[in-house]
There are 2 protein chains.
Amino acid sequence: MAPKTITLKDVAAVANVSRATAARALNSYGYVGEEAAARVLEAAEKLGYRGNRVAQALRHGQLPIIGFVPGDIQNPFFARIAHDLDVELRKHRYNLLIASSEEDVDQEKALLDNLRALNIRGFILAPTSGDDNQHIARLAKDGAPIVLIDRVAKDIQCDSILVDNEGGAKEAVDYLIANGHRRIAILQDDSRIFTAQERFAGYTKSLQEHGITVDKNLISVSRSTVKHAVDATIRLFSRRDRPTALFTVDSLMTQGALLGLRTMGLSVPRDVSLVGFDDFDLATFTDPQITVVAQPISRIGPLAAELILERIKGSQAAPRNTTFPTKLIIRGSVSNPQI
Amino acid sequence: MAPKTITLKDVAAVANVSRATAARALNSYGYVGEEAAARVLEAAEKLGYRGNRVAQALRHGQLPIIGFVPGDIQNPFFARIAHDLDVELRKHRYNLLIASSEEDVDQEKALLDNLRALNIRGFILAPTSGDDNQHIARLAKDGAPIVLIDRVAKDIQCDSILVDNEGGAKEAVDYLIANGHRRIAILQDDSRIFTAQERFAGYTKSLQEHGITVDKNLISVSRSTVKHAVDATIRLFSRRDRPTALFTVDSLMTQGALLGLRTMGLSVPRDVSLVGFDDFDLATFTDPQITVVAQPISRIGPLAAELILERIKGSQAAPRNTTFPTKLIIRGSVSNPQI
DNA sequence: TTTGCGTATGAGATCGATCTCACTTTTCGC
DNA sequence: GCGAAAAGTGAGATCGATCTCATACGCAAA
C-alpha cells in the first residue's frame, strides 16, 4: 500500500554517494564537495526525502517535542496557554504534545511515565495535586527540564509561574465585605488542587481579618465544569438563610454560578453579589457585567516557553519562581446586600 | 547530571542474561525459563526500567501518537473534540499530539510535514482550506490513516465527519425570514474555510428561495476570535440602513457579535435579531438567551477516534463519510423587526 | 544408541541517521 | 618539487529494542 518511506540510503544511492556524504550535504557540516552536495540535495528534493525524526531522536536521545499537561484542556485558561505555548515553541522547531490530566493524579502519573518513555525534551505541567507529587519530584531529580505553571507542587525544585492566588482571592472577598456582605459563599474545585487551596486561603484570610467566622455550609466543592458548577450553586443557594454573596474560583465555575442563579430566579446583584476568579470573554456581556479577579494570562505561556527553552539549552541556574499579580476588575455584579 | 537512562542492556546485565532473553521476559513471547524471567522482571523493577519508545518506534516504524490538527485550539468546539479524542485514544494507549494550524494553510502544511517525519500513527484533521490541499491528498495517497473532521477537503479519499452546515445555516436564516426579516447580515470567518463556505451557502440559499437579493454589504468577514468579531460587528452595524438581523457562523463570533452590539447600544432582539451557529455554555445566560444552531459535538470526537483506530488496524474499507444533522434551538434572541 | 522434538538461550542483524576514523586526493607554502 | 595541511569520501560503529537464526540441552520414542 504505502510506497515505502524514503530513507537517507535511497537519497545516497540516487546521488551516487555514501550515506555519510549524503548526511553531510543535507545537514551541512564537515567537508563535502560542491558537486556532490548539489547532487544530494537534488536527489532529496526529487524523492521527497523527509528525514526520520525517530531515528534522529534515537541517535541524539530526544524527540523535538515538549509535553504540556494541563488540568483540563477545555478550560479556556489552559486552552489559551496551550495556544501561546504552541506559537512560541514552534518558532524553535519544537512540537507541543498536549495531554490533559483531567485533574486526576493517577492519570497524571501515567501520562508522565508515558511522556518520559517518549524521550521528549521537557515538561510544562499544571500539577493536579498540591501534595501527592512524588512522581514530579522524581522527574525533577532526574534532571528533566520542567516548568510548573498555575500551580506548584510542594518541595519540588524547578521553575514555576504562578499568579497571586491568595492575594487575588483576598482582594475579591475584601471587596465583597466592603460592600457590606458577611454571608459570603465560595464555590471551589477539588481542594487537592493547589490554586483551590490558595484561593480558599485568601477567602478565609479575608473573612478572619474582618472578624467573620468561616461557615462550612457556605463552602461548596464541585468539579470545574459549567454543569457541575450549576448544580453546586443550586445546592448552595437552596438553603434557608442563603448567602448574600458568592466568590467563584475559576471562570467555568463563574459561568456555572450565573446559570445556576438564573435557574433559581435569583438576580445578580440584587439578590446575590458575585465575584469570579479569572476573567472571561462574556463577563462584560452578561447583564450585569461580572466583577472578576483577572490574571495576566497572556504572559504565562510565553514565559513558560522561554523558561523551558533555557532549561533545554542546559541552564543550571537556580529555579526561578515568578508570581504575577492579579487585578480586581470592578464591574457591576456586586451591590449592597438586602437586609 | 541526570543518572543515565536505564536500558534493556542494563536490565539484562543485572539479571545475568542476554538482551534477547530479557526482551522475551519483559514482553512475554517466545521461550523463557521461569527462573530467568523472574530475575529479569525483578531487575527491571529494581532499576526502574521504562523502555524507550523511540527505539521501539524505530524498530516498528511508528510512535504510539496520533496527531490532531484543529483550526484553533482556543475555539471551544475544537477544545471539546480534543478532550474527547484524548479520552478515547488513551484507552488504546495512544497519545494525542495537538498542533493547531491557526487557520493558516502554510502552517498546516509545515505541521503535517513535521508530524509525518515523526512517524506518528494517524492524523485527525480539520483542514483550513477547502481548496488548497495537495498536501493532504499526498498524505492520503501515501496510505496514512486520516480522518477529516468538521471540514472536508475536495477530492480527498478518506473518512470524514461533518455536520450539516448548509442545512443548519439555511434553517437559521429561514427562521429569521419567517420572523419577518429581510435585511439579514452574516458574520463569517475566512471564506477559504470549508464550514464558512457551506454555512454561507445555506445563508444565500435561504435568501434566494425567499426571493431576497444577497447584499454584499451585509456580508462581513472576520477572523474567528471574539475580539475580531466585535470589530466586524461594529462595522456592520454602523451603516445607515443597518441590518435587522444577524447570523453568525460560530460561537466565538456569536459572542463577539453580542459584545459588539452591546457596545453600540443596540439591544437584542429589540433592535437586532440574532441566530448563531454552534451552541455555547453562556447562550442561556445572556439576556435574552441566544437562539442557535446546535451541533452534536459530543459525538464527533468519539467517532473520529473509532474511525482512526480502525484505519490504523489496517482497515481498507471504502471511506466512510458521516454527516450529523444540526438542530435549531429556539430561545429568545429573535423577534419581529421594527419597521 | 540414535534420532528428534520441545525448551531455553545468546549472537548478531535490523530499523535510519549520524559520527568517528581512516583513507585518498588536492592544494599550497617554501 | 616535495611535504604537510586541507578537502573530500566511505566503511563501519552507534543509539535501544526486537527478531531471526543457530545452538545446546534434556528427554522420549525408535
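Order of the sequence lines fixes the chain letters, A, B, ..., with proteins taken first and strands second; residue numbering starts at 1 for each chain.
- Residue A:Val17 is classed as a sugar-phosphate contact, given heavy-atom separations below 4.0 Å to backbone atoms only.
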**Request:** Using Watson-Crick or G-U wobble pairs with both distances under 3.5 Å, give me DNA chain C in dot-bracket, 5' to 3', with [ ] for crossers and | for pairs to another strand.
**Result:** ||||||||||||||||||||||||||||||

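- Phosphate contact (OP1/OP2 of D:dG10, side-chain N/O of A:Thr21, threshold under 4.0 Å): present.
- Comparing A:Asn16 and B:Gln56 by the nucleotide of DNA chain D whose heavy atom lies nearest to each, the residue mapping closer to the 5' end is A:Asn16.
- Shown here for A:Gly301 and A:Leu85, the closest heavy-atom pair between the two residues is O-CD2, 3.4 Å.
- By the 4.0 Å N-to-carboxylate-O rule, A:Arg50 lies close enough to B:Asp113 to be salt-bridged with it.
- Within the structure, every side-chain polar atom (N or O) of B:Thr7 is placed at least 4.0 Å from both OP1 and OP2 of D:dG16.
- Ion pairing between a basic and an acidic side chain is recognised when a charged N comes within 4.0 Å of a carboxylate O; B:Glu103 and B:Arg151 show such pairing.
- Taking the charged nitrogens against the carboxylate oxygens, B:Glu42 and B:Arg39 have no contact shorter than 4.0 Å, which rules out a salt bridge.
- Distances shorter than 4.0 Å separate some side-chain N or O of A:Tyr31 from OP1 or OP2 on D:dA7.
- Toward the 5' end of DNA chain C, the nearer of the two residues B:Gly33 and B:Ala55, judged by each one's closest nucleotide, is B:Gly33.
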**Asked** What string of B, S and - do you get for nucleotides 19-28 of chain C 5' to 3' if you count protein non-hydrogen atoms under 4.0 Å?
**Response** B---------

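- B:Arg320 has a carboxylate O that lies under 4.0 Å from a charged side-chain N of B:Glu310, or vice versa, which qualifies the two as a salt bridge.
- A donor-acceptor pair is defined here as one N or O able to donate and one able to accept, closer than 3.5 Å; no such pair exists between the side chain of A:Asn16 and the backbone of A:Ala12.
- In this structure, A:Asp189 does not pair ionically with A:Arg223, as no charged nitrogen and carboxylate oxygen lie closer than 4.0 Å.
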